[in-house]
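Everything below concerns the one structure shown next.
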Number of protein chains: 2
Amino acid sequence: MTEPVVAPGRARGGRRDEILTTFTRHVAERGYDRANFGDVAAELGMSKGTIVHHFGTKDRMLAEVQERYMRRRLDEAHAFLGRLGAPDERVAAFVHAGVRYSTHEPATTVAFQREVVRLTDEPGMETARAQRDAYRDLVVAVLQDGVEAGVFVPGDARLRSLQMFGSLHWMWTWFDPAGRLRPEDVAAEFCRTLLRGLGVGEERVSAAADPAGSVARCVAEVCAPRS
Amino acid sequence: MTEPVVAPGRARGGRRDEILTTFTRHVAERGYDRANFGDVAAELGMSKGTIVHHFGTKDRMLAEVQERYMRRRLDEAHAFLGRLGAPDERVAAFVHAGVRYSTHEPATTVAFQREVVRLTDEPGMETARAQRDAYRDLVVAVLQDGVEAGVFVPGDARLRSLQMFGSLHWMWTWFDPAGRLRPEDVAAEFCRTLLRGLGVGEERVSAAADPAGSVARCVAEVCAPRS
DNA sequence: CTACTCTGCCCGTACGTGCGGTCAGTCCAC
DNA sequence: GTGGACTGACCGCACGTACGGGCAGAGTAG
């Protein structure tokens with residue numbers, strides 16, 4: 001009926017990736033509980049059984065979505081941390097990156113963010129949870145380093161990281177990638193308020209927040225569309 | 001079987017409030033989709049039919065939870081805005097109040113926050129959505145006033161409000177009211193970073209963030225446990 | 001080249017379960 | 001009698017997933 005988009009010689013992973021992509025979008029749009037095999041299968045013109053064949057259970061499917069997402073985020077974070085040294089620049093990079101995800105990978109980002117809570121509860125999510133914790137630890141370490149280096153005013157690094165993550169992870173509830181609000185502007189404003197709030201001087205704040213500045217450019221290069 | 005906790009002479013509204021409270025807790029713990037009539041009824045030792053009798057549908061039940069929650073938040077906000085005049089104090093009050101909810105009304109707060117997205121999608125949520133918008137507008141107005149009065153450095157009030165709400169609304173994913181992290185400390189740290197980020201001077205930042213200061217006390221009085 | 005087998009992708013169906021909601025009817029207060 | 005609170009049996013449906021089989025390409029022996 002629906003002719004195969006891939007070459008008839010069978011794609012490497014079959015339609016596995018296709019399934020995961022569609023499922024991710026459905027989770028982003030309706031949430032995990034409301035996303036179901038039937039709709040995904042119908043949209044792809046395949047049987048529900050095919051999905052089960054590839055992933056086993058719905059839980060495992062979500063776990064794989066989360067793990068793939070976090071792996072990319074971790075790789076990117078390590079990449080830009082390797083290029084940026086100053087704590088204020090590093091914090092700004094996390095903000096620029098966080099906003100960038102919402103635009104460049106809206107589906108996976110929303111799916112991840114609206115279902116984060118399952119990382120805590122559900123079994124089978126240990127890997128994804130560990131990845132998330134690792135990411136958070138990177139941010140906490142940067143905030144801590146900044147305080148010790150005297151770049152940031154003294155304060156609780158962990159609480160600050162939660163305050164920062166909150167702003168970014170909440171974006172899925174209001175940010176529309178197709179809207180007229182530009183992501184660079186969001187990132188810039190968030191950067192300015194946050195860095196100023198950490199006690200960084202106005203000149204360095206402006207430089208790090210600038211959408212055309214070196215920090216934003218570094219993040220853009222590192223987070224380039226993957227192969 | 002289970003003897004009625006209320007006086008045998010039948011409570012005022014019947015067991016309506018009891019049902020709503022238990023349902024709210026279930027939504028907070030499992031999310032709306034996983035919360036169901038059967039479990040609520042079993043926990044209260046009543047029939048599913050009773051719940052339907054009082055509320056009609058599950059949707060309406062959630063709508064009522066959200067509306068009740070937002071009405072209280074709006075009342076409180078108007079109350080402390082009436083007592084505080086300075087923009088920085090007002091912003092601090094919103095933060096103190098936001099953190100306070102997570103401790104004093106954990107169930108309703110978590111239920112509201114984890115299901116906010118339904119305010120946008122679902123029909124029947126118009127009232128709750130309007131209340132939420134009204135609350136947000138209060139914050140935006142305060143931020144805007146602060147900029148115009150020269151108390152805050154220039155910047156986008158709407159974006160700043162979203163940044164602020166994000167930090168507070170994300171709390172449900174990590175804050176444990178029974179944990180050893182004290183809510184006053186969270187509020188203080190959030191206040192300091194935010195106000196400093198808005199360009200407020202260090203002395204006023206400390207005063208407004210102080211858990212024992214006048215702003216925090218004002219919020220505590222206004223948000224006192226309701227009758 | 002041919003024939004056979006193996007293997008992995010995919011299909012369709014059927015089953016069990018959980019849940020929202022219906023309904024007829026009971027009990028009790030006024 | 002009237003009306004509201006409450007019950008418990010029941011319905012229909014949606015959804016996860018188990019299962020048996022079909023089918024095409026790869027490998028292999030002759």
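Please read all numbers here as calculations on a predicted model, not as lab measurements. To find a chain, count down the sequence lines: A is the first, B the second, and so on, and within it residues start at 1.
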- For the pair made of CZ in B:R16 and P in D:dG4, what is the distance, rounded to whole Å? 14 Å
- Look at the side-chain N and O atoms of B:H53 and state whether any lies under 4.0 Å from the OP1 or OP2 oxygen of D:dC6. no
- When the nearest nucleotide of DNA chain D is assigned to A:G56 and to B:I19 on a heavy-atom basis, which residue is associated with the more 5' position? B:I19
- Can you tell me the distance, in whole Å, between the CE atom of A:M46 and the P atom of C:dC11? 6 Å
- Message: By nearest atom, which of the nucleotides D:dG16, D:dC6, C:dC11 is closest to the B:R15 side chain?
- Response: D:dC6
- Query: Any idea which of D:dA5, C:dG12, C:dG20 is nearest the A:S47 side chain?
  - Reply: C:dG12
List the atom pairs, donor and acceptor, that lie under 3.5 Å between side-chain atoms in residues 136-143 of chain B and the rest of the protein, sequence neighbours left out.
none

- Could you state the atom-to-atom distance from CD1 of A:I51 to C1' of D:dA18 in whole Å? 15 Å
- Task: Mind checking A:F37 for me? I need base, sugar-phosphate or nothing, with any heavy atom below 4.0 Å counting as a touch.
- Result: base
- Task: To the nearest Å, give me how far apart CE (B:M61) and C1' (C:dG21) are.
- Result: 13 Å
- Task: Measure from the side-chain heavy atoms of A:T50 and tell me the nearest of C:dG20, C:dC11, D:dG16.
- Result: C:dC11
- Would you say C:dC10 has OP1 or OP2 under 4.0 Å from some side-chain N or O of A:H54? yes
- Give me the ring orientation class for A:Y135 and A:F165: parallel if the planes are under 30° apart, tilted from 30 to 60°, perpendicular past 60°. tilted
- Which listed nucleotide (C:dC10, C:dG20, D:dG16) is nearest to the side chain of B:K48? C:dG20
- Task: Report, as yes or no, whether the 6.0 Å neighbourhood of atom CZ on B:R30 holds more than 12 heavy atoms from other residues, nucleotides or ligands.
- Result: yes
- Query: Reckon A:A35 touches a base, only the sugar-phosphate, or nothing at all at heavy-atom distances under 4.0 Å?
  - Reply: sugar-phosphate
- Which one, D:dG16, C:dC10, D:dA5, comes nearest to the side chain of A:N36? D:dG16
- Quick one: which residue pairs count as a ring-ring contact (aromatic ring centres under 6.0 Å, His included) with a foot in residues 56-82 of chain A, not counting sequence neighbours? A:Y69-A:F112, A:F80-A:F94
